[in-house]
Asks: 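Below you will find the structure I want to go over with you.
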Amino acid sequence: MKLLAGNSNRALAEAIGQHLKLSFTKASVRRFADNEVFVEIQENVRGEDMFVIQSTSFPANDNLMELLVIIDALRRSSARRITAVLPYFGYARQDRKPGPRTPISAKLVANLITEAGANRVLTVDLHAGQIQGFFDIPTDNLYAQPVMVKDIIDYLDGEDLMVISPDVGGVVRARALAKRINADLAIVDKRRERAGESEVMNIIGDVTGRTCLLVDDIVDSGGTLCNAADALLQKGAKAVYAYVTHGVLSGGAVARIRDSKLKSVVITDSIAATDEIAKCKNIRRISIAPLLGEAIERISHEKSVSSLFD
Ligand code: R5P
């Protein structure tokens, strides 16, 4: 087993390396003056089981291209097997045609990764489980929930907890967390009654006096979480926390969360944190490095990955 990391999330890659007690394959991943990606593997990888760690997060296209070029370099260096480890799979939200004459970019990106030469994919909390099927190679989709549950027990034990799905699409994820921590479930139902009128937030379930845990796969602009928190507090919730796997946090998201009524937003380290995120008083990060490290070890030793979640 050998590890190689792109530049998108060095901190997470190093934490995975520490967990596995493995150093990284010597390689140079750099840019030509015109920004073309150039990769040089500086040690023999012939016959090796290679794991390439790279999130296709901001800047998504640069990081994706780096991943593709690294995979190509490994394939041409006769690696035995190449697993693309994607802690965050960018483009996942483009998983269907939202209108006529639009692309399904998640499928296109899956094709690119496969065509570059990946033999397997290891990722975390895909935006929709069925994206696994976009890859015609074995794909393991890990769940960050066990890491979240540990944090919830550490920080919120003894609270009267209620898990909240911030939209109807997230109910399956929220129900799974509610089951794991033995809590009730409520749903934020966003509706626009008539075109041109603003969205109305209805809460399905009684949140009065409850400590609410919003759970989601992605926080991007932060609008979904902040609006849901306002609606829950208006309906009498005692406090609102959020647990989200991927902190995309683009534009003014960090400021929006900092100024919101959310007590804390807990994200994982699937995407590298900016200084602004690291300094934000109500954003906290938990690590999925041990989870990914364990899964890498199991894949390399041909052991079950699903039993990680039993
Ligand atoms: C939507 O389906 C996703 O699960 C997230 O709720 C969404 O991407 C969050 O976006 P934002 O933070 O911009 O509201």
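Whatever order the structure lists them in is the order used to number ligands and atoms, beginning at 1. Because the structure is predicted, anything quoted here is derived from the model rather than measured.
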Asks: Is it true that atom NZ of Lys263 has more than 12 heavy atoms of other residues, nucleotides or ligands lying nearer than 6.0 Å?
Replies: no
Asks: Does ligand 1 have any N/O atom under 3.5 Å from a protein N/O, and what are those pairs and their distances?
Replies:
from     : atom 1 : to     : atom 2 : distance (Å)
ligand 1 : 4 (O)  : Asp216 : OD1    : 2.9
ligand 1 : 4 (O)  : Asp217 : OD1    : 2.6
ligand 1 : 6 (O)  : Asp216 : OD2    : 2.6
ligand 1 : 12 (O) : Asp220 : N      : 2.8
ligand 1 : 12 (O) : Ser221 : N      : 3.2
ligand 1 : 12 (O) : Gly222 : N      : 2.8
ligand 1 : 13 (O) : Ser221 : N      : 2.8
ligand 1 : 13 (O) : Ser221 : OG     : 2.6
ligand 1 : 14 (O) : Thr224 : N      : 2.9
ligand 1 : 14 (O) : Thr224 : OG1    : 2.4

Asks: Extract all donor-acceptor atom pairs below 3.5 Å that involve side chains of residues 130-140 and protein atoms in other chains or at least two apart in sequence.
Replies:
from   : atom 1 : to     : atom 2 : distance (Å)
Gln132 : NE2    : Thr139 : O      : 2.8
Thr139 : OG1    : Ile137 : O      : 3.1
Asp140 : OD2    : Arg120 : NH2    : 2.8

Asks: Please enumerate all residues that pass salt bridge (Lys or Arg N to Asp or Glu O under 4.0 Å) together with Asp275, with sequence neighbours excluded.
Replies: none
Asks: So, using salt bridge (Lys or Arg N to Asp or Glu O under 4.0 Å) as the criterion, who are the partners of Asp259 when residues are at least two apart?
Replies: none
Asks: Identify whether the distance between the nearest side-chain nitrogen and carboxylate oxygen of Glu115 and Arg75 falls below 4.0 Å.
Replies: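 No, this pair does not count.
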Asks: Side-chain contact test, heavy atoms from C-beta onward, threshold under 4.5 Å: evaluate it for Cys212 versus Tyr241 and give yes or no.
Replies: no
